[in-house]
Amino acid sequence: MGKDIREDISWAKINEDVLRSLESPRRLYWVILLVAMLAFSVGIGCEVYQYNVGMGVANLDNPHVWGLYIATFIFWIGMSHSGTLLSAILHLMHADWRKPIYRFAEAMTTFSLMTAGLFVMVHLGRLWQFYYSLPYPNERALWPNFQSPLLWDAMAIFTYLSSSVIFLFIGMIPDLAICRDHLHPGWRKKLYTLLALGWEGTDRQWRNFRITYLTVACFLIPLAVSVHSIVASDFAMSQQPGWHVTSFPPYFVAGALYSGCAAIVTLFIILRYVFKFEEYMTLPILKKTVRLTFAIAMVWTYLNAVEFAAVWYSHDQAAKDVLIQKATGPYAPFWWMMIFCGSVVPLTLAFKRFQTNIPVLFAVSLLLNLGMWLERWMIVAPTFSHGYYPWTWDHNQWPSLIQWGMVFGSFGWFALLFMVFCKVFPSVSMYEVKEMVYHRRLASESQAAAKGAH
Amino acid sequence: MIENNFNRRDFLKVLGWGGAAVTLSGCGFTSVQDGTETVVSYVEPTEYALPGIGVYFNSTCAQCDAGCSITGRVREGRALKLEGNAASSINRGKMCGLGQAGVQAHYNPDRLREPMFKGQPVAWDKALGLIDEKVKTLKGDDVAFLTGGMSGHVKVLFKNYMDALGSKNHYVYEAVSPSVVRAANKKAYGVEAPRLRLDKAKAVVSFGADFLGAWVSPVHFSQQYAQFRKGNRPEGRGVLVQIEPKMTLTGANADRWIPLRPGTDGVLALGIIHALAKNGLSVPADVAAAVKDYAPERVSQETGVSVEQIGKLAALLKTHTPSLVLAGDAAEGYQHGSQNAAAIALLNRVLGNVGKTIEAPANVPFPQIAAQGGNRAALQALNGKLASGKVQMLFVHGANPVYTAPLSLKFKENLNKATFKVVFAHYMDETALQADLVLPLDSALEDWATAVPEYLPEGAQLNVQQPLMEKLHAGTRGTGDILLALLKQRRANEYGKFDDFYAYLRNAVVSIKGALGGGGKDEDTFWAETLSEGLVKLPGSGGNLSSKASAAGLHFPAVVEDAAYPLRLIPSVTANMRDGRNANQPWLQESPDPLTTIVWDSWVEIHPKTAAKLGIVEGDIVEVASKSGSIKAQAYLFPGIHPDAVSVPLGYGHEAMGRYAKGVGANAFAMLDAVSDQETGELAMNETRVKIGKTGQRIIVIKEEGVAGGKQAGKKIAARLASDKVDLSKEV
Amino acid sequence: MQSFFRSIILLAGLFFYASSHAADALPPLTTADNLGPKVEQPIEFPHNRHAGLRDPADAGDPSVPAKGGMEINCMYCHTGARRSAVAAIPPLQKCIGCHQTINSVRETPRIQKLFEYWEAKKAIPWKKVHDLPDFVRFNHERHIQRFIFAQGKPVQEACGYCHGDVRAMTVARRSKPLSMGWCATCHQKDHPVDAVSGKTSHGPNDCWQCHK
Amino acid sequence: MSQHHILALYNNFEEAETAIAELRAADIKGFNFDDLTLKSPIEHHEVEEVLGNRPANVQWFTLGGALMGGLLGFFLISGAQANFYSQLKGGKPIVPLPPNFVLTYEMFILGGVFITVLGFLVCAGLPAKRSPLYSAKVSEDQVGILVKADAAAAPTLKGIFAKHQAIEIQEEAGK
Amino acid sequence: MSVSNLLENWSKVRHTHPVGDVPHEEYKWAMAIDLDACTGCNACSVACYAENNIAVVGKEKYAHGQAMHWMRIERYWDEDEREFPDQGAQFLPMMCQQCEAAPCETVCPVGATNHTADGLNSQVYNRCVGSRYCSANCPFKVRYFNWWDYPDQENAWPDEMKQQLNPDVTVRTKGVMEKCTFCVQRLTAAKNMARNEGRLVKDGEVQTACQQACPTNAISFGNLVDAESRVHKQWKQQQVELAEDAQAKDEYFTDLRGYRILEDLRAYPSVMYLERVRESAI
């Protein structure tokens with residue numbers, strides 16, 4: 001296995017390579033951007049229509065009151081987690097191979113959270129009254145219901161989003177300073193000058209920077225866990241068969257990290273090509289990420305099994321019925337597909353041969369995410385179709401094109417934000433790559449010295 | 001805008017207050033508004049109406065002929081909701097869904113707004129003038145009247161107008177009516193509508209009488225049924241057995257529902273008598289002789305009811321006296337319908353129920369206002385007369401024959417042989433479309449009338465129907481007013497003094513106040529009380545009942561099968577739709593049929609076994625074809641029907657009448673064979689034989705019932721106890 | 001160093017202030033006046049002439065402009081107030097009832113207009129001034145019964161609490177917010193249940209009491 | 001007495017460190033060691049020994065922020081729940097602790113993160129004006145040492161810088 | 001309500017309901033439905049449409065399962081595979097059970113649905129933002145969402161029919177959840193009248209629309225606190241306890257008919273059903 005990164009790259013070259021990504025990406029970049037815009041405008045169209053005509057256009061009904069919106073909402077929340085995994089957890093573990101790739105992972109976190117936020121909105125029957133659910137002193141002297149898991153969601157997502165934005169920004173300050181110093185004048189230079197807050201890399205700044213970065217990282221890890229366990233409690237706290245499951249929080253968190261890692265692999269491959277980052281986003285790093293993904297995939301598979309087992313051995317007949325319903329009822333094809341994508345497909349990653357085979361990885365990572373999306377859908381929908389009350393069982397209700405349109409559009413929205421970000425801000429952390437190179441060189445030199453001594 | 005006869009009813013004026021248009025903004029604007037909405041106040045105050053407070057007026061429900069008394073809630077001059085009037089012995093403050101929908105008949109957007117002559121709007125005096133000219137040119141016998149069952153002073157005016165024209169051709173027609181049973185009752189008891197006392201009976205055996213759903217007076221019978229079921233009643237909890245080929249709502253509530261081979265009701269009745277005789281019940285010799293061939297085995301083989309079951313029935317009837325045996329639509333709708341009814345009457349007599357649970361109805365002191373029930377024979381008779389071209393001019397009121405007449409009668413063609421057809425109508429229905437002159441009627445909540453129900457559960461009573469609010473449409477008129485105007489054309493001297501029907505009615509009622517038990521009171525008080533009560537209880541003797549049901553001449557033709565048309569069509573009368581006159585009321589369309597839970601469409605009930613044989617599954621669009629016609633409708637696999645029969649609800653499949661009725665479902669009347677009961681000549685509703693074919697289309701049946709299909713998945717949701725497992729005596 | 005501690009303390013102060021305030025936060029509104037827009041009425045009805053005080057001398061506080069008012073009880077015209085959910089606009093006949101006999105003003109334009117309506121037997125299309133949203137159920141009867149009849153508050157005060165000092169108005173104009181929070185400010189006070197017993201109780205806080 | 005700013009740029013940390021070490025050892029009149037600032041493209045805490053311990057206090061902000069966030073959270077929520085309109089919900093107490101703990105926890109983190117960042121800006125003196133002498137090289141690959149001293153001390157300082165192969169030495173007369 | 005106040009009333013805001021709660025003081029509206037009397041005739045359902053401004057959704061939307069009937073009549077068949085349902089069908093009127101500890105209440109993000117002092121499960125239309133969580137968490141699925149803007153739907157209320165709308169009940173616009181309210185507008189009116197006279201509402205003084213229509217008196221409704229009320233007597237006689245999730249009587253008194261649906265979910269419904277009785281001999 002090769003080195004994660006060449007140790008003889010000069011710091012100047014790092015600067016210039018990364019800065020180049022802000023100037024001249026491959027043509028593919030613009031193609032992606034265009035497609036994203038189209039997809040997003042489709043989503044917008046659907047929402048406008050739904051807003052004016054009513055939720056009915058989503059073809060939801062009683063009892064199927066929730067649909068793809070909630071499922072996709074969970075999906076995006078999940079997606080956001082591995083950003084934190086890479087930047088925070090691995091940071092604490094001093095796994096320095098994360099350094100070239102954590103920046104875009106964090107960006108992914110931020111933007112998928114924004115996307116998730118959109119789904120809360122489009123789900124609401126009366127979007128125009130959204131402000132009712134915000135806690136602020138108002139002339140009605142009313143507060144939202146703090147008992148509702150949905151409100152916890154809102155709170156958690158707000159915390160998580162703001163924190164990750166800050167984390168992303170703080171971590172970027174030294175790089176912004178670099179951009180400020182080394183880009184030719186223009187609106188961007190002004191922007192960077194503003195955002196760099198006059199960073200000069202003095203010892204005082206670095207000292208506090210180190211502590212701050214560490215602290216925020218420490219906060220972010222429990223936060224990330226809490227966020228998805230709260231999303232899980234939307235279901236676990238409810239009383240419905242198939243939702244009222246104790247193991248949901250860890251299960252959701254695992255699923256989140258899983259889909260996140262898969263997404264990172266996908267984006268890794270795209271960025272690597274689009275911005276010519278072969279030097280930094282190297283195959284060995286990719287390999288590490290893939291192995292991480294594989295590990296988490298297995299965790300998820302296990303927790304899945306645990307959940308089924310728990311239901312199976314419980315005395316809750318209704319829950320059992322729902323589970324059987326999933327495996328045999330109208331949703332069976334999707335359910336089995338989820339099992340396949342989520343638990344079988346990742347096995348390919350166990351093979352060294354595939355761990356660095358970019359086309360395979362690309363395909364696999366997409367399949368994994370498909371599986372994870374299906375998982376969310378399979379959590380939400382079947383419970384409605386086969387709940388406690390037999391009279392209202394309803395097995396033939398399917399999402400309308402409007403719902404699909406918005407799901408589709410959300411990917412456009414995400415891609416749009418993400419791609420714009422990567423073009424405007426350095427998606428590889430220059431100063432940390434420098435540190436990485438520096439420390440690795442020191443290390444290997446000392447090794448060499450040690451050898452020489454013998 | 002207000003008809004002159006209303007200005008004394010100023011409080012009926014509609015106010016803008018909390019007006020619907022405003023209410024509709026519902027969850028709209030969320031903050032205080034200033035000076036956008038208008039508040040209209042009365043010009044003159046009334047002691048009744050205070051804005052924001054509901055006022056209640058008593059009237060009479062006109063949704064069916066049962067004659068329930070209603071109380072309408074009026075606010076700011078708008079009739080909002082109908083409740084039952086507790087003072088009435090018929091519905092005692094209760095109401096059925098059909099009655100609740102009365103407001104939708106009133107506010108219906110498809111109501112006729114002005115008279116139409118050959119499709120063109122005309123002014124009222126012009127319209128009435130046209131009639132005047134026409135009748136002048138005709139002799140009385142050329143003029144015929146087709147009306148629904150009627151009573152009270154509207155009936156009186158009708159009769160008088162016919163006299164004025166010298167016409168004897170009054171055809172009183174109800175597409176759905178117990179007319180055969182009526183005749184049989186007349187024979188057996190000497191009265192057409194004896195009082196039935198379910199509340200006194202220990203057991204009720206009903207041959208297809210859907211008294212909880214759509215038979216005669218459902219609300220009243222439902223209340224009796226509730227009494228009948230009470231465990232803490234002296235007679236103890238009653239037992240209900242329903243015997244019919246297609247499960248009705250009543251069948252669904254029976255302790256035992258017995259599917260019977262269509263048409264064999266009489267045989268079973270005699271079989272039961274036979275069994276009773278065996279069990280040692282003393283049976284008159286003539287009867288014993290008549291039933292001697294009806295040994296359980298034979299009966300069982302003919303009727304498809306097991307010998308054991310027949311035994312059980314006999315045992316039940318023997319132990320539970322008094323009991324009550326009813327003959328309903330399912331029993332009477334055959335060529336030998338009268339026979340069936342007679343046999344059942346005989347069973348009652350043998351059981352000695354006559355006088356115990358079958359009582360004499362009170363007789364109405366004034367025969368001219370007494371109810372005249374409609375029947376189906378009338379239509380056939382009129383049809384014949386029309387066909388022969390003897391009818392020049394035809395008045396139609398309270399009936400929609402073009403829709404309800406079987407195609408095989410060719411009624412529509414014959415109708416057009418009449419040169420001048422006047423139709424009184426609320427909607428532009430199928431018959432109105434054929435009319436030369438259409439006269440738009442006030443709704444029942446706008447109109448004045450009196451009514452004497454045909455079925456009188458207690459003493460006779462005169463129901464008053466009075467306006468609950470001002471007219472919605474200036475162009476409509478009350479039946480009474482129209483008739484009065486027509487009569488003025490003929491007998492000005494006699495009717496000139498009444499400036500409107502209200503005046504006539506008040507005068508007519510007040511003039512007989514003595515007989516109505518208001519002797520002591522002065523006219524105004526009496527009238528005021530009458531209006532506030534909404535009804536007058538008529539004093540007067542109960543009639544007397546004869547028990548002369550005889551076994552003489554009872555014979556039942558063996559059921560002949562028809563290979564080409566293997567199945568029996570049972571057109572079902574549903575509580576929502578009845579004969580289809582209320583089809584344009586959306587609440588009724590959207591309230592699911594109790595048994596199939598289907599909405600907004602008609603359906604074909606097939607027993608799963610039969611369906612399996614024909615390869616039909618739920619949702620298949622099947623064609624039901626008889627000799628005289630065919631319909632297409634969705635199949636619904638229904639366990640509660642005899643395998644040899646299929647059932648289609650009546651009342652759907654209108655081609656006109658309004659947005660909610662038009663094109664919904666298929667019209668089962670159209671395909672009926674014109675077979676009649678031999679004695680009464682009534683159209684035999686259940687005599688039509690049909691065959692069923694798949695069309696290849698399949699749809700998802702739109703119904704309330706979900707995929708669970710009426711299963712409870714092992715949960716205790718709708719629970720049931722066996723009567724011997726429960727102690728009802730101490731219940732509240 | 002101590003600059004840093006100062007900032008810490010400052011921050012702490014800020015947080016506690018913010019938290020306690022936010023927790024205490026009730027509607028920003030008190031019973032402070034907030035005038036609604038002027039409303040164009042078919043007849044510019046002078047409340048001050050009818051309900052206003054007879055002459056300034058009687059007026060307890062001089063701020064009340066009471067040039068020759070009639071001191072007519074609100075409920076003389078708004079008869080619904082004590083027995084119905086809505087106070088009601090008096091029927092036209094009521095106006096006429098008095099004004100037939102008052103010849104002094106018979107020829108003034110407003111009264112002439114009034115009689116035009118009367119002769120035409122047309123109801124006057126008054127504009128609603130205090131128009132709550134349709135999902136709000138405000139019951140005049142209960143408030144009047146409780147505060148005027150049970151507790152014995154003077155009519156002007158009881159009505160005026162929501163409708164402002166009508167004595168000083170010509171055409172009535174909304175002078176209170178009538179917002180939910182404003183209702184609450186009064187509902188959560190303890191009011192004596194009647195004049196005699198010292199018992200008090202606050203208004204209902206159940207959503208369905210006022211929302212339908 | 002006029003002050004001078006001197007910036008020396010080095011190729012690597014070793015040279016910079018030795019230079020700093022010497023400056024520290026040599027007690028130069030008119031030059032206070034606290035006025036020495038090290039500027040580097042990457043974070044390199046080995047220099048701290050030579051620089052001596054300079055305080056970093058962000059963690060105190062963190063502590064305060066987190067605690068206050070938590071408190072605010074709990075009291076805001078419980079207080080709001082117990083307001084005039086308090087209505088029973090699902091048979092749970094009007095102020096149910098488990099949900100409030102969830103939200104308190106979130107607020108705890110929120111406060112922590114925000115105030116930490118605030119603290120960072122305070123402690124690191126950001127945002128700041130650009131200091132008089134700044135070389136873009138520092139954000140590329142060179143290590144800079146910025147000192148403030150009396151004009152008198154300037155030559156000595158420059159001497160020392162030069163001795164340790166400073167690539168470049170800039171000087172500027174400050175106020 | 002200030003923090004200090006919170007601390008003062010701590011115990012007040014900490015008790016649970018209905019178990020271990022201070023009982024309802026004046027009113028606890030409840031129902032008892034006798035399935036033996038119920039014939040499944042649908043009168044109650046239509047009466048409910050009339051009283052509560054419920055929209056008629058029309059064929060197509062009904063097909064999508066978007067019907068709004070607050071009160072629905074369910075029809076069950078026996079599940080032994082007999083050829084004929086010769087014991088008839090089972091009918092069950094199902095409407096909001098007004099649970100004492102309603103699962104829908106806790107989850108509403110804006111607190112649009114609450115437990116009122118009278119023991120009702122209130123639904124405040126104008127507060128609802130349409131998250132539909134309440135319906136998702138309702139075991140009986142008796143909450144109905146306005147998927148479309150029914151007031152503007154031609155087939156729901158053409159202009160003439162708008163005049164029939166009950167001014168005491170809000171007409172719900174799109175995006176709002178709605179459900180059976182036990183005809184709260186009638187209850188409020190009755191309570192106001194009673195208060196004017198300084199008394200409590202007497203039994204029979206107020207009826208729900210469904211109860212008033214029901215031709216067989218299958219539905220009885222009233223104040224469970226009032227020992228004189230019919231409902232109270234029925235619950236007592238059937239030994240059904242409001243605050244129990246499993247009735248003691250089920251152990252030994254099997255000859256009592258009273259039961260509540262899905263009781264074990266601990267929602268404590270306010271509607272008691274009386275089992276249907278069928279003659280075993282015939």
Side-chain angles (χ1 to χ4, degrees), chain A residues 10-12 14-15 135 141-149 151-152 155-156 158-160 162-163 166-167 169-170 173-174 177-178 180-182 194 196-213 215-216 219-220 222-223 226-227 230 233 430-432 434-435 438, chain D residues 13 37-45 47-48 51 54-59 62 66 73 76-78 80-81 83-85 89-90 92 96 99-100 102-103 105-107 109-110 112-114 116-117 119-131 134 136-141 144 146:
Chain A
S10 77
W11 291 4
I14 295 174
N15 275 9
L142 276 179
W143 295 91
N145 173 15
F146 295 101
Q147 296 181 38
S148 168
L151 204 79
W152 309 350
M155 188 64 206
F158 171 72
T159 312
Y160 194 29
S162 50
S163 311
I166 287 174
F167 196 45
F169 172 64
I170 297 292
I173 290 178
I178 298 178
R180 174 197 61 199
D181 297 343
H182 299 279
L194 187 72
L197 306 173
W199 175 271
E200 287 181 12
T202 67
D203 52 321
R204 179 185 173 199
Q205 292 170 339
W206 278 121
R207 224 176 13 257
N208 292 294
F209 180 84
R210 187 175 75 241
I211 301 170
T212 311
Y213 197 77
T215 325
V216 178
F219 272 120
L220 228 51
L223 177 57
S226 78
V227 167
I230 284 176
S233 46
M430 292 177 265
Y431 75 96
E432 290 193 88
K434 288 178 188 169
E435 288 176 6
Y438 177 69
Chain D
F13 283 104
T37 326
L38 175 80
K39 296 184 179 181
S40 59
I42 68 170
E43 191 233 328
H44 181 73
H45 41 76
V47 295
E48 284 185 0
L51 285 176
R54 299 188 173 180
N57 294 316
V58 183
Q59 60 273 31
T62 311
L76 167 71
I77 291 156
S78 310
Q81 278 165 331
N83 77 354
F84 173 64
Y85 294 123
K89 289 186 182 63
K92 306 277 182 294
N100 295 11
V102 172
L103 291 168
Y105 179 77
E106 296 299 323
M107 289 294 283
I109 291 180
L110 191 65
V113 171
F114 277 37
T116 305
V117 172
F120 165 64
L121 298 180
V122 174
C123 299
L126 292 176
K129 295 202 302 334
R130 204 76 62 76
S131 59
Y134 176 73
K137 281 284 176 195
V138 173
S139 66
E140 187 171 350
D141 53 3
L146 176 70

Exercise. Are F167(A) and V113(D) close enough that some pair of their side-chain heavy atoms sits under 4.5 Å apart?
Worked result: no

Exercise. What part of P222(A) gets closer than 4.5 Å to chain D, counting heavy atoms only: side chain, backbone, both or neither?
Worked result: both

Exercise. Measuring heavy-atom distances to chain D, does I166(A) have an atom under 4.5 Å in its side chain, in its backbone, in both, or in neither?
Worked result: side chain

For this session: Check S139(D) against H182(A) and note the closest heavy-atom contact, atom names and distance.
Result: OG-NE2, 2.9 Å

Exercise. Is the closest side-chain heavy-atom distance between F120(D) and V216(A) below 4.5 Å?
Worked result: no

Seminar exercise, completed: Bottom line for I173(A): the part with an atom under 4.5 Å from chain D's heavy atoms is side chain

Exercise. About how many Å separate CG of D203(A) and NZ of K39(D), when rounded to the nearest 0.5 Å?
Worked result: 10.0 Å

Problem set entry | Heavy-atom proximity to chain A below 4.5 Å, by part of V102(D) | side chain

Exercise. Among P127(D), S40(D), G119(D), which residue forms the greatest number of heavy-atom pairs with chain A at distances under 4.5 Å?
Worked result: S40(D)

Seminar exercise, completed: Output for pair (L110(D) CG, L223(A) CG), nearest 0.5 Å, gives 8.5 Å

For this session: May I ask you to name which of T116(D), T37(D), I109(D) has the most heavy-atom pairs under 4.5 Å with chain A?
Result: I109(D)

Seminar exercise, completed: On a heavy-atom basis, the closest approach of N208(A) and N57(D) is OD1-N, 3.9 Å

Exercise. Considering all heavy atoms of both residues, which atom of A141(A) and which atom of Y85(D) are nearest to each other, and what is their separation?
Worked result: O-CD1, 3.2 Å

Exercise. Does the side chain of L38(D) come within less than 4.5 Å of W206(A)'s, by heavy atoms?
Worked result: no

Problem set entry | Non-hydrogen atoms of P41(D) and Y431(A) that approach each other most closely | O-CB, 3.8 Å

Exercise. Taking the side chain from R204(A) and the backbone from C123(D), do they hold a donor-acceptor pair closer than 3.5 Å?
Worked result: yes

Exercise. Would L197(A) and L121(D) count as a side-chain contact (heavy atoms from CB on, under 4.5 Å) if you check the C-alpha gap in whole Å, the side-chain angles of each, and the deciding distance to 0.1 Å?
Worked result: CA-CA 9 Å; L197(A) 306 173; L121(D) 298 180; 3.9 Å; yes

For this session: Sort L146(D) into side chain, backbone, both or neither according to what part of it lies under 4.5 angstrom from a heavy atom of chain A.
Result: neither

Exercise. Given the options M430(A), E435(A), E432(A), Q205(A), which has more heavy-atom pairs under 4.5 Å with chain D than any of the others?
Worked result: E435(A)

Seminar exercise, completed: Under 4.5 Å to a heavy atom of chain D? For F209(A) that would be both

Exercise. Which bit of P96(D) comes within less than 4.5 Å of chain A, counting heavy atoms only: side chain, backbone, both or neither?
Worked result: side chain

For this session: Would you check if the side chain of D181(A) reaches a backbone N or O of E140(D) as a donor-acceptor pair within less than 3.5 Å?
Result: no

Problem set entry | Side-chain heavy-atom pair V138(D), E200(A) within 4.5 angstrom cut-off | no

Seminar exercise, completed: The interface call for I170(A) against chain D, heavy-atom contacts under 4.5 Å, is side chain

Exercise. In terms of heavy-atom proximity below 4.5 Å to chain D, should T159(A) be classed as side chain, backbone, both, or neither?
Worked result: both

Exercise. Heavy-atom distance under 4.5 Å between the side chains of M155(A) and M107(D), does that happen here?
Worked result: yes

Exercise. Among A12(A), A177(A), S163(A), G198(A), who wins on heavy-atom pairs under 4.5 Å with chain D?
Worked result: A12(A)

Exercise. How would you list, by chain and number, every residue that makes a side chain to side chain donor-acceptor pair (under 3.5 Å) with D141(D), sequence neighbours excluded?
Worked result: none

Problem set entry | A66(D) versus F219(A), closest heavy-atom pair with distance | CB-CZ, 4.1 Å

Problem set entry | Among the listed options W199(A), Y160(A), F146(A), F158(A), the residue most often paired with chain D at heavy-atom distances under 4.5 Å | F146(A)

For this session: Calculate, to the nearest 0.5 Å, the distance between atoms CD1 and OH belonging to I42(D) and Y438(A) respectively.
Result: 6.0 Å

For this session: Name the member of I14(A), L151(A), I211(A) that forms the most heavy-atom pairs with chain D at distances under 4.5 Å.
Result: I211(A)

Exercise. Can you tell if the side chain of F169(A) reaches within under 4.5 Å of the side chain of V117(D), non-hydrogen atoms only?
Worked result: no

Exercise. Stepwise, does the side-chain contact (heavy atoms from CB on, under 4.5 Å) test hold for I230(A) with E106(D)?
Worked result: CA-CA 10 Å; I230(A) 284 176; E106(D) 296 299 323; 3.4 Å; yes

